[in-house]
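Everything numeric in this text was worked out from a predicted model, so none of it was measured.
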Amino acid sequence: MSEHTHEHTHPHTHSHEHTQAVANRLARAIGHLESVRGMVLDGRDCSEVLIQLAAVRSALASTSRIILKDHMEHCIVDAIEEHDQTAIEELERAIDQLLK
């Protein structure tokens with residue numbers, strides 16, 4: 001797994017161990033969504049389309065879990081050590097949006 005580091009507006013450094021795995025999952029989800037689009041354009045059965053959309057949604061949820069876990073294990077741990085309340089507030093806002 002590759003490690004990717006970048007800076008944000010808050011003072012700690014973000015380190016992501018699963019960057020390539022997440023990028024690969026997103027590429028597969030994009031491909032799957034394009035296939036679903038093709039199904040719609042081809043007039044495929046609505047039930048089949050809905051099942052495939054559920055699979056895309058599940059793939060995105062799984063990817064979100066990986067990103068969230070990685071963020072908590074690295075970025076949030078660093079933020080807590082550095083007393084960076086902003087990073088924790090940003091995570092709370094992101095989770096609220098994710099769960100909508």
(message) Check for me, please, whether Ile30 and Val49 land in the same ILVMFWY cluster - side-chain distances under 4.5 Å, paths through other members count.
(response) no
(message) Return the CD to NE2 distance between Glu90 and His71, rounded to the nearest 0.5 Å.
(response) 7.5 Å
(request) Check the hydrophobic clustering (I, L, V, M, F, W, Y; side-chain heavy atoms under 4.5 Å; chains of links allowed) and say if Leu41 and Val56 are grouped together. (result) no
(request) Measure the CZ-CG distance between Arg65 and Leu68 for me, rounded to the nearest 0.5 Å. (result) 10.0 Å
(message) Would you compute the distance between atom CD1 of Ile80 and atom CD of Gln85 and round it to the nearest 0.5 angstrom?
(response) 9.0 Å
(message) Holding to salt bridge (Lys or Arg N to Asp or Glu O under 4.0 Å), I want the full list of residues that pass it with Glu48, two or more places apart in sequence or in another chain.
(response) Arg44
(request) Please name the pair of heavy atoms, one in Gln52 and one in Val36, separated by the smallest distance, quoted to 0.1 Å. (result) CB-CG2, 3.5 Å
(request) Give the cluster check for Leu98 versus Leu91: same hydrophobic cluster or not, with ILVMFWY residues linked at side-chain heavy-atom distances below 4.5 Å. (result) no
(message) The test is side-chain contact (heavy atoms from CB on, under 4.5 Å); show your working for Ile76 and Asp84 and say whether it passes.
(response) CA-CA 9 Å; Ile76 297 302; Asp84 181 3; over 6 Å; no
(request) To the nearest 0.5 Å, tell me how far Leu60 CG sits from His32 NE2. (result) 10.5 Å
(message) Please check this pair: side chain of Ser58 against backbone of Ala54, looking for a donor-acceptor N/O pair closer than 3.5 Å.
(response) no
(message) I'd like to check Arg25 versus Ser62 (side-chain heavy atoms, cut-off strictly below 4.5 Å). Are they in contact?
(response) yes
(message) To the closest 0.5 Å, what do you measure between CD1 (Ile88) and SG (Cys75)?
(response) 12.0 Å
(request) Rounded to the nearest 0.5 Å, what's the gap from CZ on Arg28 to CG on Leu33? Could you check? (result) 15.0 Å
